[in-house]
Every structure is written in structure tokens, then in C-alpha cells.
Amino acid sequence: MFDNDSIMRLACSIAFERMGKTSPNPAVGAVITKNGRIIGNGGTQNYGGNHAEVMAIKDALSRGEDLHGAEIFVSLEPCSHYGKTPPCTEAIIQSGIKKVYIPLLDPNPLVSGRGVQRLLDCGVNVEIMHKFFPMAADLLRGFKKYILRGKPFIINKCAMTLDGKIAANSGDSRWISSDSSRLLVHKLRSKVDAVIVGKNTFLNDNPSLNVRPGDFSEEAFFPFDMGINLTGRYNFFLEELFKAKPDPDIEPLRVLIGMPDYIPEGSNFFRDDNYVVITSKKSYNEKIAKNSNLKNFDFRQRLVVGEYDDPSKEVDFILEVLKAHGVMHAMLEGGSGINGTFFNAGAIDMFMYIIAPKVAGNGIPPISGAPVEKISDSLLLYDVTTASIGRDILICGYKEQYNFEMM
């Protein structure tokens, strides 16, 4: 026998597992029960595929289960409109399911409250499990921004020394944080749609920006296998991220911001077509005037040149390009200059900073942003969570508090 709390938690865990695979749809999980037994479950499929509720219904039917009188737990209000697929409310109604449990309403104005009302109008009971609102909301921040503002959710990840440096003055940064902390970054890459770097990081690090669990020894996995305690605000996304296994089959879109001075031979960034380079027309013209080889380099039509002349317009252009590529969550891996550009534009939504017990004495800061005259002008983060990852400390916070509508 399963209690309702454990079932809703399972639905949220299924939703987390699907993150990085569903954009621009939200990752949702669903679990169907009857007479105290779990008879079906499912998660949102790739964009254009079935939603979680339909997958759970199909799973139950494939097991020969009768859904009449069953109950379904869904990590988000079922949709009630036609998109790439028919409404999930209709699938639930037609299945004979008698009750639906959800933790929060869909932030999509096309759905919010309408899914619940449609179910109620057709005699299906609906219960809002308010205690699971924060847990489900942790998984939906990106979708909320994407659907309401039309922009991707930006996660800024940095590893830094205790005195706040992400690299030496030479640009060398390998490695500031521990293997376990670097492994966490690969886990995170499995959950985002794109990874963003600037031209200096591209030239200094020759980054691959993919998911490579094979790079790490068993010792790197050990802190996660033992369990990592969160302090501050409980964050379901982080808790699940710590437990997750990095998926090497996930290849986030590689995004290079700015025209580099040259393209090194054997560049990992250009190993296949899963990339985009975004630069201004002015920068493009200046760089190819200095290096004609850039003009002849085969960008495979994945070079996007924009007409903008200031940093805020640059970020707006970048976000539009990412949206056009179906990116809902993007990880900004730096360096300092591009971090500063996004920060000044107010475009960073989530900060995940890993602090290692090292002191550089001098070096490059994580954000080269506009100067502030007073500390009171600093950005104050909300919903802050901390955790110890071996010898390192993770601090995670958001630009905004979650404020999803609740019934």
C-alpha cells in the first residue's frame, strides 16, 4: 500500500527524470493507483510526443488494468487545450479515472485553472495537494518563464576559489573544484537544453560541453551515493540532481557567444552540427577583416549574426535565438565577460556557485559586471540552498521567489 504523499513525490521524481528531454514542453510525471496499488506511470515524452497522463494511462492499459475508479497523481495540472497532442483532460475523462491529484495549477494562461474546471465539469474529482507546491514549482520555474515571458531560463554555474576567482590571470582554471563538484556539472548538463560559453572560454579551455560520466572515478560519485544534506530552503530540484546519474546520451546544444579571433584545429566545440555561434555584425566584420580564415571556416550555417550595438540588446538577441532553437533551460558556464553581460541585463535566473577551499590571491572574478556604488545595490537572491559536496560548498539561489498561482 502506498500513501498519497509518496505517490505524488514519485510523480515529481518522474517529472525530474524527464527534464532535458521535453522542451519546450514542461517535464511532467504521472502515477495511477487503484485499491492501494500503483498500476501505471509515465512522463512527458519528447516535444510532439505524448504527455505524462497519456503515458501513464497507456502503461496501465498495457498491464491489463481497468482504470474505472482509479486515481491519478500528476505533477502539474492536466492540459485542456489542443497543441501538438489532444488535451490530457479528455484522456483522463475517457479513461474512467475518478480522481486527479495535482500540486499546483499550470502557469500557461491557456490552461491555468481550465484543466481543473474541465475535469470537475465532467464529474472527475480534483484535489490540490498544497504541501507539494514548492516541490513541483522547483521543476517548473523554467517553463513558467518560457511560457509567460517567451525567454529561456538561465542557470549561471561557476566554480570559484574562496576569494572569488574562477581562473588565474592567465585564464587557467583546471581544476578549481573537486571531481565530485565537476561531476555535478555533468549531471546538470543532462537537465538543460543548451550550454553557453564566451569566446575566451572557447579559446582557453577547448570545452566539449557534453555529459561524460566516464571521466570520473568511483570516488567522485561517493558523496552523492552517500547522500548530500541540504541546508537553508529545501530544493527538490537539487535533491534529485544529486541523486541523478549523468546521462551521456543527452547532448545539450553548444552555444558560443562572440566571434573568436581564430578557430583552433581539433576544436571540440565544432565536432558535429549540434552548436550555434551568435555574434554581432560589427564583431563579425572586424574579426574576418583581421583573419580571413574565419570567413572561409565552414560554420555549417550555424553562425547567427545579429544587428545590435549594446549589451542589453545583445542578450535579448541571444535569448531569441535560443528560443528559436527550442531551448527552455540553458546553463551559462562563462567566462567572466559573458557572465557579466547576462548579469547586467538581468537575464540570469538561477545561480549555482561552487566554492572550493583554495585561495588564488589574484585572478578573474566570476562576473565582470557593471560597477555598483553601494552594497545595497547588489542583487539579493531568494530561496537560497547550500550543501557540502566533499570539500566544496555549493550555494544556490534564484533572482526571484517562486509565486505560482495556487487554488
Discussion item. Testing the basics here: between Lys34 and Ile39, what is the closest heavy-atom pair and its distance to 0.1 Å?
Written reply: CB-CD1, 4.0 Å
Worksheet item: Does the side chain of Ile154 reach to within under 4.5 Å of the side chain of Leu319, using non-hydrogen atoms?
Response: yes
Item to complete: Give the minimum heavy-atom separation between Asn25 and Phe143, together with the two atoms involved.
Response: C-CD1, 4.5 Å
Worksheet item: Mind checking what makes side chain to side chain contact (heavy atoms under 4.5 Å, CB included) contact with Asp377, not counting sequence neighbours?
Response: Val372, Lys374
Item to complete: Can you run down the ring-ring contact (aromatic ring centres under 6.0 Å, His included) pairs that involve residues 11-66, sequence neighbours left out, and say none if there aren't any?
Response: Phe16-Phe237
Worksheet item: Where the side chain of Thr22 meets the backbone of Gln45, is there a donor-acceptor pair that is under 3.5 Å apart?
Response: no
Worksheet item: Between Leu394 and Leu238, does a side chain to side chain contact (heavy atoms under 4.5 Å, CB included) hold up when you go through it step by step?
Response: CA-CA 10 Å; Leu394 169 70; Leu238 283 182; 4.3 Å; yes
Worksheet entry | Backbone of Gly29 reached by a side-chain donor or acceptor of Ser75 within 3.5 Å | yes
Listed pairs under 3.5 Å, donor-acceptor, residues 218-228 side chains, sequence neighbours left out:
residue: Glu219; atom: OE1; partner: Ser217; partner atom: OG; Å: 3.0
residue: Asp225; atom: OD1; partner: Lys245; partner atom: NZ; Å: 3.4

Fill in: Residues that Glu320 engages under salt bridge (Lys or Arg N to Asp or Glu O under 4.0 Å), provided they are two or more places apart
none
Fill in: Minimal non-hydrogen separation, Ala330 against Ile196, with atom names
CB-CD1, 3.9 Å
Worksheet entry | Sidechain-backbone polar pair: Asp273 side chain, Arg300 backbone, donor-acceptor under 3.5 Å | no
Practice prompt. State which residues pass side chain to side chain donor-acceptor pair (under 3.5 Å) with Asn296; sequence neighbours excluded, sorted by chain then number.
Written response: none
Worksheet entry | Any side-chain heavy-atom pair of Arg141 and Asp349 under 4.5 Å | no
Fill in: Asp163 side chain to Ala360 backbone, donor-acceptor under 3.5 Å
yes
Practice prompt. Evaluate whether atom NZ of Lys287 has more than 12 neighbouring non-hydrogen atoms of other residues, nucleotides or ligands under 6.0 angstrom away.
Written response: yes
Worksheet item: Should we say atom NZ of Lys243 is surrounded by more than 12 heavy atoms from elsewhere, each under 6.0 Å from it?
Response: yes
Worksheet item: Which pairs count as side chain to side chain donor-acceptor pair (under 3.5 Å) when at least one residue sits in residues 196-209, sequence neighbours excluded?
Response: Ser208-Asn268
Item to complete: State the CZ-OG distance between Phe73 and Ser6, to the nearest 0.5 angstrom.
Response: 8.0 Å
Worksheet item: Is Lys58 atom NZ crowded by more than 12 heavy atoms from other residues, nucleotides or ligands, each under 6.0 Å away?
Response: no
Worksheet item: Between Glu400 and Lys144, is a salt bridge (charged side-chain N to carboxylate O under 4.0 Å, His left out) present by the stated rule, with each step listed?
Response: CA-CA 12 Å; Glu400 299 176 356; Lys144 183 185 179 186; over 6 Å; no
Discussion item. Exactly one of Asp383, Asn235, Asp138 should register a side chain to side chain donor-acceptor pair (under 3.5 Å) with Tyr398. Which one does?
Written reply: Asn235
Worksheet item: Is there a donor-acceptor contact under 3.5 Å from the side chain of Glu77 to the main chain of Gly115?
Response: yes
Worksheet item: Closest approach of Met8 and Tyr101, non-hydrogen atoms and distance?
Response: CE-O, 3.5 Å
Fill in: Inter- and intrachain pairs under side chain to side chain donor-acceptor pair (under 3.5 Å), touching residues 322-335, at least two apart
Arg189-Glu333
Discussion item. Quick one: does any side-chain atom of Asp310 pair with a main-chain N or O of Lys313 as donor and acceptor, under 3.5 Å?
Written reply: yes
Worksheet entry | Over all atoms of both residues, closest heavy-atom pair of Lys187 and Phe242 | NZ-O, 3.0 Å
Worksheet item: Residues two or more places apart in sequence or in another chain: which of them pass side chain to side chain donor-acceptor pair (under 3.5 Å) with Asn291?
Response: none
Discussion item. Let's go through Asp392 and Ser180 carefully: what are the C-alpha distance in whole Å and the side-chain angles of both, what is the deciding distance for side chain to side chain contact (heavy atoms under 4.5 Å, CB included) to 0.1 Å, and is it a yes or a no?
Written reply: CA-CA 9 Å; Asp392 301 334; Ser180 295; over 6 Å; no
Discussion item. Looking at Gly346, is its backbone amide N or carbonyl O close enough to the side chain of Lys399 to form a donor-acceptor pair, meaning the two atoms are under 3.5 Å apart?
Written reply: yes
Worksheet item: Who passes side chain to side chain contact (heavy atoms under 4.5 Å, CB included) against Phe297, sequence neighbours left out?
Response: Ile263, Phe270, Phe299
Worksheet item: Counting N and O atoms only, with roles assigned by atom type, does the side chain of Asp59 sit under 3.5 Å from a partner on the main chain of Met55, one being a donor and the other an acceptor?
Response: no
Item to complete: May I ask you to decide if Pro78's main-chain N or O and Thr89's side chain share a donor-acceptor pair within less than 3.5 Å?
Response: no
Worksheet item: Is there a donor-acceptor pair closer than 3.5 Å between any side-chain N or O of His186 and the backbone N or O of Pro213?
Response: no
Discussion item. For a quick test of reading the model, state the closest non-hydrogen atom pair linking Ala347 to Val315 and the distance between them.
Written reply: CB-CG1, 3.6 Å
Practice prompt. Tell me, please, which residues at least two apart from Leu110 pass side chain to side chain contact (heavy atoms under 4.5 Å, CB included).
Written response: His81, Asn108
Worksheet item: Is a salt bridge present between Asp272 and Arg254, judged by a nitrogen-to-oxygen distance below 4.0 Å?
Response: yes
Worksheet item: Mind checking what makes ring pair (Phe, Tyr, Trp, His ring centres under 6.0 Å) contact with Phe269, not counting sequence neighbours?
Response: Phe202, Tyr275
Worksheet item: What's the verdict on salt bridge (charged side-chain N to carboxylate O under 4.0 Å, His left out) for Asp316 and Lys151, showing C-alpha distance, side-chain angles and the deciding distance?
Response: CA-CA 9 Å; Asp316 286 341; Lys151 296 179 179 180; 3.7 Å; yes
Fill in: Partner set under side chain to side chain donor-acceptor pair (under 3.5 Å) for Arg118, not counting sequence neighbours
Glu90
Fill in: Stepwise side chain to side chain contact (heavy atoms under 4.5 Å, CB included) test for Ile176 and Ile354
CA-CA 9 Å; Ile176 289 176; Ile354 297 165; over 6 Å; no
